[in-house]
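Note that ligands are numbered from 1 as they come in the structure, with each ligand's atoms numbered from 1 the same way. Keep in mind that this is a model prediction, so the values were computed, not measured.
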Amino acid sequence: MHIEPLTVEPLTRTAFASFGDVIETEGAERRLINNGTTERFHDLAWVEVLGTDARVLINIFRGQGFHLPIDIRMMERHPFGSQAFVPLNGRPFLVVVAEDEAGRPARPRAFLAQGNQGVNYHHKVWHHPLLALQETADFLVVDRAGREDNLEEYFFADRTYRILSLPH
Ligand SMILES: NC(=O)N[C@@H](O)C(=O)O
Ligand code: NI
């Protein structure tokens with residue numbers, strides 16, 4: 001089994017643009033509402049629900065904390081809907097995505113999401129299942145229910161991508 005180190009990049013809207021949206025107030029369209037008592041950070045993510053009897057789900061995922069080194073041995077994607085993860089405990093988490101190459105994930109890219117950042121994977125975007133860091137953490141998850149099976153997985157046959165360190 002070939003082990004390839006995978007560096008972790010800071011999460012920014014620009015760097016993440018081809019995979020989905022970054023859910024954060026920084027740089028968002030801000031609207032003052034409710035007679036000036038509330039700030040609305042508007043339209044942060046493109047939620048997609050496709051296929052038969054499709055509807056939006058709001059869930060909470062309680063993810064166990066992963067410790068370094070973290071091995072990426074597989075990726076998954078959801079052909080019929082987007083999937084958003086917003087941290088509820090204000091802790092950083094790991095986001096691993098990949099471009100598609102003829103129906104398979106290309107070399108993954110890893111990002112460190114800060115505790116005030118969420119992500120929304122657009123439909124069919126390869127990503128690794130939830131990776132909370134060090135401690136169990138809760139995430140608000142917005143994704144899709146519907147008739148068609150919405151999970152496609154890909155296991156790397158001959159390699160593992162290993163995350164050895166995180167940026168500060
Ligand atoms: N299976 C499931 O609902 N979770 C994954 O899709 C994930 O991305 O964590
Ligand atoms: Ni997923």
Verdict with reasoning, N120 to W46, per side chain to side chain donor-acceptor pair (under 3.5 Å): CA-CA 8 Å; N120 179 55; W46 185 272; over 6 Å; no

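- Under a 3.5 Å cut-off, the side chain of N150 and the backbone N or O of F80 do form a donor-acceptor pair.
- When the options H123, H127, H122 are evaluated for a ring-ring contact (aromatic ring centres under 6.0 Å, His included) with H78, the one that passes is H127.
- Salt bridge E26/R30: absent, no basic N to carboxylate O contact under 4.0 Å.
- Between R31 and E39, none of the side-chain N atoms (NZ, or NE/NH1/NH2) sits under 4.0 Å from a carboxylate O, so this pair counts as no salt bridge.
- Panel note: side chain R144, backbone Q83; no donor-acceptor pair is recorded below 3.5 Å.
- With waters neither drawn nor counted, the protein N/O/S atoms under 2.8 Å from the Ni ion (ligand 2) amount to 4.
- Using modelled atom types, one side-chain atom of N59 and one backbone atom of V141 make a donor-acceptor pair closer than 3.5 Å.
- Of the charged side-chain nitrogens involved, at least one lies within less than 4.0 Å of a carboxylate oxygen, so that R107 and E4 count as a salt-bridged pair.
- Note on ring orientation: taking the six-membered ring where Trp is involved, the planes of F16 and Y121 are tilted (angle from 30° to 60°).
- Residues with a heavy atom under 4.0 Å from ligand 1: F61, E76, H78, Q83, F85, H127, P129, L130.
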